[in-house]
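Quick notes on the structure that follows.
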Amino acid sequence: AAAALLLGAQSVAGFVPSSNIRGLGLTAKQLHNGREESKTLFAEGANNISGPPYQGPASKPILDSIESPSDMKGLSMRDLKQLSHELRWEVLEAVSKTGGHLSSSLGVIELTVALHYVFDMPIDQIIWDVSHQCYPHKMLTGRRNKFSGLRQLGGISGFCKRKESPYDSFGAGHSSTSISVAQGMSIGKAMLNKRTNNCIAVIGDGAITGGMAYEAMNSAGYLKNRMIVVLNDNGQVSLPTGTPSAGGTVPASQLSAYTSNLLVSKPFQDFRDFAKGFNKLLPEDVQGINKRIDEYARGIVSGGTLFEELGFYYVGPIDGHDLDNMVPILEKLRDSDSTKPVLLHVKTTKGYGYPPAEAASDRMHGVAKFDTATGKQKKGKASAPSLTSIFANALIDEAMEDRAVVGITAAMPGGTGMDIFGRRFPKRTFDVGIAEQHAVTMAAGMACEGLKPFVAIYSTFMQRAYDQVMHDVAIQNLPVRMILDRAGLVGNDGPTHHGCYDLAYMGTLPNLIIMAPSDEIELKNMVATCAAYDDGPTVLRYPRGAGYGVDKLKSLFGYDLENDEIPSRGNVLPMGKGRIIRRPGGFKANGSANTRGQTREDRVAILTIGTRLHEALVAAQEVEEQDPSLGVTVADARFMKPLDVDLVRDLVDEHSVLITVEEGAIGGFGDHVLHFLSLDGALDEGNLKFRPMVLPDKLFEAGTQQEQYDMAGLNSQHIKGTVLRLTKRIKVPKLEEVLEEQN
């Protein structure tokens with residue numbers, strides 16, 4: 001046992017080929033346990049992994065020689081292992097300076113090296129599911145020198161993008177798409193008689209919980225399309241995995257339990273084991289001859305029964321950090337003439353090779369800038385709690401008073417605050433894995449029985465469950481509470497993660513109540529409002545970011561806070577009613593004391609929904625400081641559905657200009673207001689100027705949220721410019737002219 005433990009430690013450190021361990025007959029679980037225990041045995045200088053401080057190689061000669069995957073073809077196995085070591089530290093050093101997805105990339109270093117060594121991109125296609133693990137892939141495909149701009153304005157994306165490189169076979173950001181894509185590409189290659197047909201989908205054990213992955217496997221097995229699915233099994237189904245929930249603290253997936261059982265019950269397969277069973281991919285007559293040998297090698301009941309029943313040839317499990325076995329197995333699969341789809345099951349460790357990542361609860365999945373020597377992240381001190389945590393704690397308050405309140409998340413407990421809720425109410429927290437459609441319909445079933453389900457899903461991921469929102473919730477008018485975190489522009493993750501469209505796509509559905517808070521107090525109020533409303537479904541959307549804190553809530557928003565404290569509990573709001581925040585001259589200005597906006601032509605109303613209220617208030621103050629004759633009213637709609645038509649009518653009656661501002665795409669709040677104004681006859685006399693300020697019809701690449709809202713024309717200076725242009729105070733370029741100049 002001691003010898004095995006020592007061999008495991010040395011293998012991780014990169015000195016002894018892990019194939020030597022296979023001869024000891026260790027199962028995957030034993031090997032994993034050996035690695036865990038061996039962390040205390042790493043010798044000083046063994047890749048400096050015994051730290052802290054952790055330190056990478058002084059130079060990277062092999063990585064320096066790689067401009068494209070073709071440069072890897074002549075490398076020896078020893079060189080490939082050294083390349084993996086250099087590449088791991090290149091990823092660490094690059095991400096430490098920019099932030100980004102770290103541990104998922106560290107976990108696939110050897111797999112990435114093996115795939116690019118064996119296959120010939122871009123003729124062969126490698127499709128990375130989600131693609132947040134694509135950093136080593138990008139470094140090996142000519143983009144290493146661009147990582148200083150990772151996830152920044154004008155820089156490279158944190159995900160695969162077809163327009164960025166011919167080596168990015170398919171763009172991604174959402175999960176469970178890779179097998180469908182690989183199947184489609186395989187069919188295309190076959191039908192067009194292309195010389196080679198190697199299509200490889202790399203999908204994690206989190207992404208494979210998505211229903212679309214099973215739809216694709218069912219189809220691929222039935223149609224017998226030549227393809228390889230690499231199941232990257234790292235035991236990290238949710239972010240973070242292990243959040244207390246109704247299922248315990250295990251990964252939120254029975255499939256994860258199934259693959260874990262495979263790993264416990266079967267030794268890692270090495271190339272010799274694989275070769276014995278490989279004849280199943282050969283013609284049937286040869287199979288018959290070798291059937292007895294095959295049964296002996298694999299066992300009559302295969303560990304991969306689930307995948308084999310779907311029509312796949314199952315290979316594995318194999319060690320995803322063991323190049324000695326991965327490379328020849330991949331070469332054999334590449335050179336096979338079989339058209340039967342293959343599932344290659346590899347076991348990896350998320351964050352592998354960097355102890356701070358391996359030890360973290362979320363494996364350092366997404367990180368800010370950090371110190372590579374210690375793993376400590378350089379996060380600025382927040383001036384106020386995040387909106388996500390405010391939601392979670394407000395939901396806890398409601399759950400303490402009402403046992404019917406439950407929380408649901410789709411593999412994102414950390415991102416949605418369900419980890420906070422789960423720690424307080426584990427039995428009332430349900431993580432369904434990456435299964436947004438299932439989450440919504442399960443919530444509908446809960447609502448039928450009298451529970452009060454809060455389904456917390458990122459706005460961008462709720463797009464995947466649109467039919468369920470309509471068919472299973474809206475038509476039946478069930479009181480499901482849909483909480484859309486990350487609404488609006490999200491910053492560095494770019495277009496795959498922006499929550500720009502929910503106001504538009506939710507706004508078309510009957511029976512929905514749709515609301516958006518302007519600040520943290522309103523968020524608490526709206527959580528309470530959702531909890532109290534049992535007559536139908538509700539949608540609550542809020543952006544990524546933090547609250548404003550007491551000082552700004554008082555000075556800019558005009559709150560009168562008792563003892564200068566934010567209320568601990570939210571209040572139920574009157575349904576469909578907005579509020580006026582600021583009148584001409586300031587919060588308290590009215591009557592004869594106000595000398596601004598003496599005529600209707602000099603009065604402007606800004607009607608916002610969501611957190612653009614902050615920008616509108618800043619703009620109003622600046623406009624009035626610049627022009628003493630103008631008066632600006634700022635109102636918070638609170639609700640898009642039902643729209644506060646009385647508030648809109650009052651604003652139209654008293655102001656000659658009405659501007660709506662939202663963090664959403666065309667077709668959302670502004671269009672609903674415009675539709676009402678048109679039907680109500682407010683535009684018939686030609687004495688009202690109306691402008692909806694929305695996200696323009698374009699995709700916003702990675703950058704900071706501030707940069708993206710500047711590009712969108714939705715910050716305070718843009719609102720101010722719109723006011724001044726509509727009141728003919730100055731000539732301001734139109735938005736499309738500004739965007740054209742920027743491009």
Any heavy-atom pair between the side chains of Tyr458 and Leu484 that's under 4.5 Å? no
Salt-bridge criterion met for Lys577 and Asp646 (N-O under 4.0 Å): yes
May I ask you to check whether over 12 heavy atoms, not counting those of Phe170, lie within 6.0 Å of atom CZ? no
Which residue in the set Arg579, Arg582, Arg612 passes salt bridge (charged side-chain N to carboxylate O under 4.0 Å, His left out) when paired with Asp636? Arg579
Does the Glu622 side chain pair with the main chain of Ala619, one donor and one acceptor, at a distance under 3.5 Å? no
Compare all side-chain heavy atoms of Ile581 with those of Leu613 and state whether any distance is below 4.5 angstrom. yes
Stepwise, does the side chain to side chain donor-acceptor pair (under 3.5 Å) test hold for Asp371 with Gln377? CA-CA 6 Å; Asp371 179 5; Gln377 297 185 51; over 6 Å; no
Check the pair Phe690, Leu674 against side chain to side chain contact (heavy atoms under 4.5 Å, CB included), reporting the backbone distance first and the verdict last. CA-CA 8 Å; Phe690 176 78; Leu674 180 59; 3.7 Å; yes
Non-neighbouring partners of Thr508 that pass side chain to side chain donor-acceptor pair (under 3.5 Å), sequence neighbours left out: Tyr466
Hydrogens and angles aside, do Thr599 and Asp602 bring a side-chain donor and acceptor to less than 3.5 Å of each other? yes
Measure the CG-CG distance between Asp472 and Asp467 for me, rounded to the nearest 0.5 Å. 7.0 Å
Does the side chain of Leu540 reach to within under 4.5 Å of the side chain of Met482, using non-hydrogen atoms? no
Grab the two heavy atoms, one from Val490 and one from Asp493, that are nearest each other, plus how far apart they are. CG2-CB, 4.4 Å
Measuring only between side-chain heavy atoms, which start at C-beta, is His101 closer than 4.5 Å to Ser104? yes
Distance check, rounded to the nearest 0.5 Å: Met515 atom CE versus Leu523 atom CG? 11.0 Å
Taking the side chain as every heavy atom from C-beta outward, state whether Leu714 and Val661 have any atom pair closer than 4.5 Å. yes
Would you compute the distance between atom CD of Glu615 and atom CG of Asn715 and round it to the nearest 0.5 angstrom? 4.5 Å
Main-chain N/O of Gly545 paired with Ser386 side-chain donor or acceptor, under 3.5 Å: no
Please check if any side-chain donor atom of His655 sits under 3.5 Å from a side-chain acceptor atom of Thr633, or the reverse. yes
Please check if any side-chain donor atom of Asn687 sits under 3.5 Å from a side-chain acceptor atom of Glu601, or the reverse. no
Should Thr660 and Met693 count as side-chain neighbours, where that means a heavy-atom distance under 4.5 Å? no
Checking His132 side chain against Gly158 main chain: does a donor-acceptor pair fall under 3.5 Å? no
Do you know the tightest heavy-atom contact between Glu662 and Gly670? OE2-N, 2.7 Å
Pairing donors with acceptors under 3.5 angstrom, does anything connect the side chains of His174 and Thr460? yes
Before we go on, tell me: are the rings of Phe159 and His497 under 6.0 Å apart, centre to centre? yes
Short side-chain to backbone donor-acceptor contact, Arg569 and Lys524, under 3.5 Å: no
Atom of Ala465, atom of Val440 and distance for their closest heavy-atom approach: CB-CG2, 3.8 Å
Strictly by modelled atom types, are Arg603 and Thr727 linked by a side-chain donor-acceptor pair under 3.5 Å? no
State, yes or no, whether a side-chain contact exists between Phe676 and Val645 at a heavy-atom distance under 4.5 Å. yes
Near Lys689 NZ, under 6.0 Å, is it more than 12 heavy atoms from other residues, nucleotides or ligands? yes
For Asn145, look at atom CG and say whether over 12 heavy atoms of other residues, nucleotides or ligands are found less than 6.0 Å away. yes
Rounded to the nearest 0.5 Å, what separates atom OG in Ser175 from atom CD1 in Ile434? 3.5 Å
Between the main-chain N or O of Cys160 and the side-chain N or O of Ser131, is there a donor-acceptor pair closer than 3.5 Å? yes
Return yes when atom NZ of Lys379 has more than 12 non-hydrogen atoms of other residues, nucleotides or ligands closer than 6.0 Å, and no otherwise. no
Residues passing the side chain to side chain donor-acceptor pair (under 3.5 Å) test with Asp397, sequence neighbours excluded, are none
By the ring pair (Phe, Tyr, Trp, His ring centres under 6.0 Å) test, which pairs, at least two apart or in different chains, include something from residues 625-654? none
May I ask you to check whether Thr611 and Glu663 show a side-chain donor-acceptor distance below 3.5 Å? yes
Quick one: CZ on Phe461 to CZ on Arg464, what's the gap to the nearest 0.5 Å? 7.5 Å
Is a side-chain N or O of Asn525 found less than 3.5 angstrom from the main chain of Asn571, in a donor-acceptor match? yes
Residues Asp485 and Thr416: side-chain donor-acceptor under 3.5 angstrom: no
If you look at every heavy atom in Leu512 and Ala474, which pair is closest and at what distance? CD2-CB, 4.4 Å
Check the surroundings of atom NZ in Lys97: do more than 12 heavy atoms from other residues, nucleotides or ligands lie under 6.0 Å from it? no
Arg486 with Asp502: basic N within carboxylate O range, under 4.0 Å: no
So does Tyr548 get a backbone contact from the side chain of Glu520, meaning a donor-acceptor N/O pair under 3.5 Å? yes
Atom of Phe669, atom of Thr608 and distance for their closest heavy-atom approach: CE2-C, 4.4 Å
With rounding to the nearest 0.5 angstrom, report the OG to CG distance, Ser157 to Leu150. 8.0 Å
Correct closest heavy-atom pair for Val473 and Pro537 would be CG1-CB, 3.5 Å
Checking Asp551 now: which residues fulfil side chain to side chain donor-acceptor pair (under 3.5 Å) with it, not counting sequence neighbours? none
Any salt bridge linking Lys452 with Glu398? Criterion: basic side-chain nitrogen under 4.0 Å from a carboxylate oxygen. no
With sequence neighbours excluded, tell me which residues meet side chain to side chain donor-acceptor pair (under 3.5 Å) with Arg600. none
Kindly indicate whether the side chain of Met412, heavy atoms from C-beta on, has any atom under 4.5 Å from the side chain of Ile457. no
N/O donor-acceptor pair under 3.5 Å between Glu436 side chain and Ala410 backbone: no
Walk me through whether Leu561 and Ile521 qualify under side chain to side chain contact (heavy atoms under 4.5 Å, CB included). CA-CA 11 Å; Leu561 299 177; Ile521 295 176; 3.7 Å; yes
Flag, side chain of Arg481 to backbone of Pro479, donor-acceptor distance under 3.5 Å: yes
Partners passing salt bridge (charged side-chain N to carboxylate O under 4.0 Å, His left out) against Glu164 (at least two apart in sequence or in another chain): Lys138, Arg143
Only one of Arg729, Lys720, Gln621 passes side-chain hydrogen bond (donor to acceptor under 3.5 Å, both in side chains) with Gln626, and that residue is Lys720
